[in-house]
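Everything below concerns the one structure shown next.
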Amino acid sequence: MTTDTTNPLIFLMGTTGQTGRLILEDFDKKPEGVRIRVGVRKEADLQRLRAEGRDAVLFDLDDPRTFGPALFGVDRMNILTGYTIAMTHQTKTVVDAAKKAGVKHIVNQGVFAADDATDSKFCWFALVEAYIEASGIAWTHLHPNVFLESFLSVSRPIGGTFSTFWGENRVGYVALHDLAAVTAKVLRDGPERHGSKDYYLSTETMTSSELATALSEVLGRDIRYNSLDAADMEAHFKKGTIAVEDWYARSSLDLLTQFADGRMGYMGTVKDDVPYLLGRPATSVRKWAEMHKTELLSFVDQPQA
Ligand SMILES: NC(=O)c1ccc[n+]([C@@H]2O[C@H](COP(=O)([O-])OP(=O)(O)OC[C@H]3O[C@@H](n4cnc5c(N)ncnc54)[C@H](OP(=O)(O)O)[C@@H]3O)[C@@H](O)[C@H]2O)c1
């Protein structure tokens with residue numbers, strides 16, 4: 001397989017989101033040897049990125065008419081879809097377009113799934129991964145476990161208490177800047193080095209109680225946890241306090257149910273490819289909390305609702 005290895009054009013999507021933003025930052029820090037094109041769906045983001053002097057194009061996963069101009073001349077791309085069942089037809093159509101455009105390598109942001117996973121969300125990912133592989137384009141699948149950044153959003157420690165939906169079970173985590181750095185590294189190196197590879201990012205496991213201890217130590221405050229389960233998450237969905245579309249909500253409940261009854265116990269295991277890709281250890285939970293100390297403390301200092 002021949003690719004433009006000297007100065008490949010890399011297409012990034014999802015750069016206004018929490019992972020994609022960090023992937024773009026990684027390339028900004030080390031721009032040598034690659035060209036970056038960014039695809040966004042909102043006009044305001046397009047104008048902002050162009051004002052920054054970037055090669056930015058209109059790109060909407062729900063509008064395949066935007067794919068041709070966005071992927072023209074692209075050598076390598078990431079696929080990063082949002083929290084939606086639409087990821088299935090979105091990935092199908094964008095992979096078809098990548099094939100027409102002559103893209104040589106797709107790096108796909110997936111989940112930490114077992115091959116025979118039966119919960120709906122992980123099945124959607126298995127289907128899109130199979131479709132990417134069948135396209136004939138070189139592929140690399142990334143398999144991150146739960147993002148530590150969840151403790152800055154859905155599980156933020158308001159008033160010193162965070163909520164998890166795993167009961168007392170051990171869960172694997174990954175820091176998003178590790179995931180972003182791995183994505184950027186794989187895109188930089190290209191398909192000769194990383195084609196047909198699955199990389200796993202479940203870099204440290206903790207129970208909620210261990211997490212509370214780690215956060216208490218790092219933040220110097222008494223951090224507690226609220227142990228919730230699938231039924232509690234369903235109540236959040238019904239109340240609208242966690243806003244997701246219906247099919248995605250159902251898939252999350254399916255996952256929590258299967259995790260609780262033991263079918264997805266692997267989510268509580270370490271499988272850490274970060275050192276192989278970055279030549280350094282993955283970021284520990286405590287180190288991550290140090291890095292986000294100010295933000296975490298701002299939640300701790302908020303009154304509980
Ligand atoms: N949270 C976890 O613990 C976890 C763990 C493993 C895997 N994952 C996977 O990670 C992925 C989400 O990553 P994330 O948290 O970084 O996402 P995110 O912060 O929600 O960002 C999603 C990005 O996708 C863009 N986007 C959404 N719909 C689009 C469309 N129709 N066309 C073009 N762009 C669109 C958004 O752009 P706008 O700004 O325009 O909305 C945004 O930039 C999902 O596949 C999820 O399953 C999550």
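Atoms within each ligand, like the ligands themselves, are counted from 1 in listed order.
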Legend entry - Which residue and heavy atom of the protein sit nearest atom 37 (O) of ligand 1, plus the separation: Thr16 OG1, 3.1 Å
Legend entry - Test item: side-chain donor near acceptor, Thr161 and Asn226, under 3.5 Å: no
Legend entry - Per-atom contacts, ligand 1 versus Asn145 - under 4.0 Å to a heavy atom: 5 (C), 6 (C)
Legend entry - Close-contact set for ligand 1 against Val111 heavy atoms, below 4.0 Å: 7 (C)
Legend entry - Numbered atoms of ligand 1 (with element) below 4.0 Å of Phe125, judged on heavy atoms: 45 (O), 47 (O)
Inset, instruction - Would you sort out whether Phe151 and Tyr173 count as a side-chain contact (heavy atoms from CB on, under 4.5 Å), showing the intermediate values? - result: CA-CA 11 Å; Phe151 295 97; Tyr173 294 97; 3.6 Å; yes
Legend entry - Numbered atoms of ligand 1 (with element) below 4.0 Å of Val146, judged on heavy atoms: 3 (O)
Legend entry - Side-chain (Glu295) to main-chain (His292) donor-acceptor, under 3.5 angstrom: no
Inset, instruction - Scan side-chain atoms only and decide if Ser284 and Glu204 contain a donor-acceptor pair under the 3.5 Å cut-off. - result: no
Inset, instruction - Could you check atom 13 (O) of ligand 1 against the protein and tell me its nearest heavy-atom contact, residue, atom and distance included? - result: Gln109 NE2, 3.4 Å
Inset, instruction - Please write down residue, atom name and distance for the protein heavy atom closest to atom 11 (C) of ligand 1. - result: Thr81 O, 3.3 Å
Legend entry - Pairwise side-chain contact, Val128 with Lys92, heavy-atom cut-off 4.5 Å (strictly under): no
Legend entry - Close-contact set for ligand 1 against Lys42 heavy atoms, below 4.0 Å: 38 (P), 39 (O), 40 (O), 41 (O)
Legend entry - Phe72, CZ atom: more than 12 neighbouring heavy atoms under 6.0 Å: no
Inset, instruction - Would you please say whether a donor-acceptor pair under 3.5 Å links the side chains of His177 and Glu25? - result: no
Inset, instruction - From the options Tyr173, Tyr83, Trp124, Phe112, select the one whose nearest heavy atom is closest to atom 46 (C) of ligand 1. - result: Tyr83
Inset, instruction - Output yes when the distance from some N or O of ligand 1 to some N or O of Phe147 is under 3.5 Å, and no in every other case. - result: yes
Legend entry - Polar atom proximity, Leu80 to ligand 1 (N or O, under 3.5 Å): no
Legend entry - Per-residue contact class, Phe122 against ligand 1 - non-hydrogen pairs under 4.0 Å: neither
Legend entry - Test item: side-chain donor near acceptor, Thr183 and Gln109, under 3.5 Å: no
Legend entry - Sub-4.0 Å heavy-atom contact, Ala86 with ligand 1: no
Legend entry - Residue portion contacting ligand 1 (non-hydrogen atoms closer than 4.0 Å) for Lys121: neither
Legend entry - Closest protein heavy atom to atom 32 (N) of ligand 1, given as residue, atom name and distance to 0.1 Å: Leu61 N, 2.8 Å
Legend entry - NZ/NE/NH1/NH2 to OD/OE distance under 4.0 Å, Arg263 and Asp119: no
Inset, instruction - In sequence, state the C-alpha distance, the side-chain angles, and the governing distance for Ser227 and Ser208, and then conclude on side chain to side chain donor-acceptor pair (under 3.5 Å). - result: CA-CA 8 Å; Ser227 182; Ser208 297; 5.6 Å; no
Legend entry - CZ/Arg280: more than 12 non-hydrogen atoms of other groups inside 6.0 Å: yes
Inset, instruction - Determine, using heavy atoms of Leu176 and all atoms of ligand 1, whether some pair is separated by less than 4.0 Å. - result: no
Inset, instruction - Report the C-alpha distance between Asn145 and Tyr266 in whole Å, list the side-chain angles of each, state the deciding distance to 0.1 Å, and finish with yes or no for side chain to side chain donor-acceptor pair (under 3.5 Å). - result: CA-CA 10 Å; Asn145 211 336; Tyr266 55 84; over 6 Å; no
Inset, instruction - Could you check atom 7 (C) of ligand 1 against the protein and tell me its nearest heavy-atom contact, residue, atom and distance included? - result: Gly110 O, 3.2 Å
Inset, instruction - May I ask whether Arg41 places a heavy atom under 4.0 Å from ligand 1? - result: yes
Legend entry - Numbered atoms and elements of ligand 1 in range of Asp62, under 4.0 angstrom, heavy atoms: 31 (N)
Inset, instruction - Could you tell me the residue and atom name of the protein heavy atom closest to atom 25 (C) of ligand 1, and the distance to it rounded to 0.1 Å? - result: Gly14 CA, 4.0 Å
Inset, instruction - May I ask you to check if ligand 1 and Gly17 share an N or O to N or O distance below 3.5 Å? - result: yes
Inset, instruction - Using distance alone, determine whether Pro144 and ligand 1 share an N or O pair under 3.5 Å. - result: no
Inset, instruction - Number the atoms of ligand 1 from 1 as they appear, then name those within less than 4.0 Å of a heavy atom of Phe59, with their elements. - result: 32 (N), 33 (C)
Legend entry - Passing candidate, ring pair (Phe, Tyr, Trp, His ring centres under 6.0 Å) with His143, options Tyr200, Tyr199, Phe112, Phe125: Tyr200
Inset, instruction - Report the C-alpha distance between Asp63 and Arg41 in whole Å, list the side-chain angles of each, state the deciding distance to 0.1 Å, and finish with yes or no for salt bridge (Lys or Arg N to Asp or Glu O under 4.0 Å). - result: CA-CA 9 Å; Asp63 185 356; Arg41 61 176 165 168; over 6 Å; no
Inset, instruction - Looking only at protein heavy atoms, identify the closest one to atom 19 (O) of ligand 1 and say how far it is in Å. - result: Gln18 N, 2.9 Å
Legend entry - From CA spacing to verdict: side-chain contact (heavy atoms from CB on, under 4.5 Å), Arg188, Val34: CA-CA 7 Å; Arg188 265 195 202 92; Val34 292; 4.1 Å; yes
Inset, instruction - Around atom 31 (N) of ligand 1, find the nearest protein heavy atom and jot down its residue, atom name and distance. - result: Asp60 OD1, 3.0 Å
Inset, instruction - May I ask you to list the atoms of ligand 1 that are less than 4.0 angstrom from any heavy atom of Tyr248? - result: 47 (O)
Inset, instruction - Could you pull out, from Val154, Thr19, Leu12, the option with a heavy atom nearest to atom 16 (O) of ligand 1? - result: Thr19
Legend entry - Results of ring pair (Phe, Tyr, Trp, His ring centres under 6.0 Å) for Phe59 - residues two or more places apart only: Phe11, Phe67
